[in-house]
Amino acid sequence: FANKIRFEIETLGTSRQRLQVIVACLVLLNVIVIALETDLGNDSNIFVWVAFDIIFLLVFLFELLILLNAQRWAWYRDLWNWFDAAILLTGFVTLVVDIRREGSVSM
């Protein structure tokens, strides 16, 4: 079972077009969630928005790790990968700052 999962992850990482379609759909979903958070967000449901942020950040981190594993050293030569990593790092820093500002997100 573990080998099958490993094979699927490696296949996903080397099938760049398939991975890009999946990630594009996730980015679109993330945009929708951010729009909803902007429109509906308030202090009473902050836990929901933080949870969404964490989930999306972890999914995008997983995507970055899949690419890094599949492309090895070639990953470092693609500027789009660096751009994605910078956005991901910014997301994690923003999340930490937001949580600290909210006083550990009183849930």
Side-chain angles (χ1 to χ4, degrees):
F1 181 72
N3 286 335
K4 182 173 173 42
I5 292 175
R6 185 176 298 121
F7 174 76
E8 288 296 323
I9 290 173
E10 289 173 359
T11 303
L12 186 61
T14 55
S15 173
R16 183 91 175 176
Q17 184 179 9
R18 184 173 154 201
L19 184 61
Q20 285 177 339
V21 169
I22 293 170
V23 170
C25 291
L26 288 170
V27 167
L28 182 60
L29 183 60
N30 193 14
V31 167
I32 292 169
V33 168
I34 290 171
L36 289 172
E37 178 181 2
T38 302
D39 206 32
L40 305 174
N42 58 41
D43 290 340
S44 67
N45 57 11
I46 192 166
F47 174 73
V48 173
W49 305 118
V50 170
F52 272 121
D53 287 344
I54 291 170
I55 290 168
F56 279 113
L57 284 171
L58 291 177
V59 167
F60 292 130
L61 176 63
F62 185 65
E63 178 245 348
L64 186 136
L65 294 175
I66 287 173
L67 286 177
L68 187 59
N69 181 52
Q71 296 174 353
R72 308 275 180 202
W73 289 106
W75 186 92
Y76 296 97
R77 291 190 297 267
D78 187 348
L79 291 179
W80 284 111
N81 291 334
W82 286 100
F83 181 68
D84 287 344
I87 290 173
L88 190 62
L89 180 63
T90 302
F92 276 111
V93 168
T94 302
L95 178 67
V96 169
V97 168
D98 287 347
I99 288 174
R100 291 190 56 87
R101 185 182 61 217
E102 293 296 327
S104 300
V105 186
S106 51
M107 298 175 208

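- Phe62 CZ to Leu67 CG: the interatomic distance, rounded to the nearest 0.5 Å, is 10.5 Å.
- In this structure, the separation between OG1 on Thr90 and CG on Leu95 is 12.5 Å, given to the nearest 0.5 Å.
- Leu57 and Leu89 are assigned to two separate hydrophobic clusters, defined by single-linkage of ILVMFWY side chains at heavy-atom distances under 4.5 Å.
- Put simply, CG on Leu64 and CD1 on Ile87 are 11.0 Å apart, with the number rounded to the nearest 0.5 Å.
- Taking the six-membered ring for Trp and the full ring otherwise, Trp80 and Trp75 have centroids separated by 6.0 Å or more.
- The shortest side-chain heavy-atom distance between Val93 and Val97 falls under the 4.5 Å cut-off.
- Taking CD1 from Ile34 and CG from Asp39, the interatomic distance works out to 13.5 Å, rounded to the nearest 0.5 Å.
- Phe52 and Ile22 fall within a single hydrophobic cluster, where Ile, Leu, Val, Met, Phe, Trp and Tyr are joined by side-chain heavy atoms under 4.5 Å apart, directly or via other members.
- Atom CG of Asp84 sits about 8.5 Å away from atom CG of Asp78, to the nearest 0.5 Å.
- The shortest distance between side-chain heavy atoms of Asn69 and Leu65 does not fall below 4.5 Å.
- The hydrophobic cluster containing Val50 does not contain Val96, counting ILVMFWY residues as joined when their side-chain heavy atoms lie under 4.5 angstrom apart, directly or transitively.
- Side-chain contact between Val33 and Trp49: present, with at least one pair of heavy atoms (C-beta onward) separated by less than 4.5 Å.
- Taking 4.5 Å as the limit, some side-chain heavy atom of Asn30 sits within range of a side-chain heavy atom of Phe60.
- In this structure, Phe92 places its CZ atom where more than 12 heavy-atom neighbours from other residues, nucleotides or ligands lie under 6.0 Å away.
- Using a 4.5 Å cut-off on side-chain heavy atoms (C-beta onward), Glu37 and Asp53 make contact.
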